[in-house]
Amino acid sequence: MEFSGIVGGIPFISLFIFTGILVNLIQVSCYLTIWPVSKSTFRRINGAITELLWLEVVWLMEWWSGFEVKVYTDAKTCQLMGKEHAIIMPNHVSDSDTLLTWILAQRVGCLCSALTIVKKTTRYLPVFGWTNWFSESIFLDRNWAKDESKLKSSFEALSDYPTPFWMTIFVEGTRLTADKLVEAQSFASSKGYPIPKNVLIPKTKGIVTAVQSLRSFVPAIYDVTIAIPKHQPFFPTLLTFLKMQPCKVVVRIKRYSTKDLPESDQGIAQWCRNRFIAKDELLENFAATGTFDEEEITEFRRSTKSLIVTLIFAGIFLVGGWIFLKRLSSGWQYPTLATIIGSVAIVVHIFIEFTKMPPPKIKATQICTQ
């Protein structure tokens, strides 16, 4: 039930909002004073404080809910991750996919510069949206006439980024659902494409613009395939994490050099479509075997850093909250505490509603599997 998720989420979201407000205040101050003088210095400071906030989300997933990630990749890709600018191109299966990329980025040392392309309405989410705006994530209207120039200018602005960054692009444009899969299968049939079973048809304009704008200073695209094992009781979502329901995700990462990609827009678009055809085959094989062919990174364990950071901020939050309530007159303590808890519950509800999957219009058995 969503109610249990709201109740279970109040402690974490309270801490997240407290830390986020501190982070946002520092971001505003630095943006007004440091950005006009040195973008590089601002980006380094902003990355350091943003990482503290995102580490709390990593803690929620790994320590609070028991979320487990298995990563398969080759030795060369493993060595280069976190040491170079990269475009991240995952399939989109749930609302936790962005958070999953944060776990991957944290493990290789670039959580401070984990950027993403998201819909414009995300900007207005308390703390989460504001922090992403200062971190130069890109917010789109989902209208190509407006988004094309925004993408190009945002990508070009990253040319002097001082640390290795990851720019995540969900080229399918939306999460995989039964309804969307049926639409993708119908579209593929009309175009003569292979019929997908596990992914959607990629919308290639964004990735083409990204490659053409970034290839001069971004050396790699990481093709990320996200697989969710069958027969596990819980599906990875924000609500699942708040309710302390453990689940697992398996990730396969393949590195491609941007220099080796086709030069033309049409060639890049076809390359992207080919990658998603291959993803579909990989996911079919994973469904049968439960694994990928590449070597598993066995040292991919829960983040101790996220635990330490969260405990420190939780201590500051609890002591500060206790001092604040003690300074109030006895008649105002309980009403103030009730108002704070009620406000946080509303924020939890907003986050859950924002990330919730739409109700299916068709039954899963209607999906074409040919």
Side-chain donor or acceptor of D147 paired with backbone N/O of L140 under 3.5 Å:
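Side chain of D147 to backbone of L140: no pair is present.
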Flag, side chain of D141 to backbone of N143, donor-acceptor distance under 3.5 Å:
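Answer holds: no.
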Using the ring centroid of each side chain, check whether [X] and [Y] are separated by less than 6.0 Å.
X	Y	value
Y31	W133	yes
W102	F128	yes
F18	F313	no

For K39, give me all partners under side-chain contact (heavy atoms from CB on, under 4.5 Å), at least two apart in sequence or on another chain.
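Once residues adjacent in sequence are excluded, the partners of K39 under the side-chain contact (heavy atoms from CB on, under 4.5 Å) criterion are W35, D160.
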Q212 and D265 side chains, donor-acceptor separation under 3.5 Å:
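Yes, side-chain donor-acceptor contact under 3.5 Å.
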Compute whether any side-chain donor of one residue and acceptor of the other, for E84 and Y222, lie under 3.5 angstrom apart.
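A donor-acceptor contact under 3.5 Å links the two side chains.
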If I compare all heavy atoms of L325 with all of Q333, which pair ends up nearest, and what's the gap?
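So the two residues come closest at O-NE2, 3.0 Å.
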Parallel, tilted or perpendicular, judged at 30° and 60°: which one describes the rings of F217 and H85?
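Perpendicular, since the angle between the ring planes exceeds 60°.
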Does the pair K197/E281 count as a salt bridge with the N-to-O cut at 4.0 Å?
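Between E281 and K197 there is no salt bridge, as every charged N stays at least 4.0 Å from the carboxylate O atoms.
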Does Q27 form a side chain to side chain donor-acceptor pair (under 3.5 Å) with T50? I'd like the steps, not just the answer.
CA-CA 9 Å; Q27 287 177 313; T50 298; 3.3 Å; yes
S135 and N132: side chain to side chain donor-acceptor pair (under 3.5 Å), yes or no, with the steps?
CA-CA 5 Å; S135 299; N132 269 299; 5.6 Å; no
Tell me whether R123 forms a cation-pi arrangement with W130, defined as NZ or CZ under 6.0 Å from the six-membered ring centre and within 45 degrees of its axis.
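No - R123 does not lie over the ring of W130 by the 6.0 Å and 45° rule.
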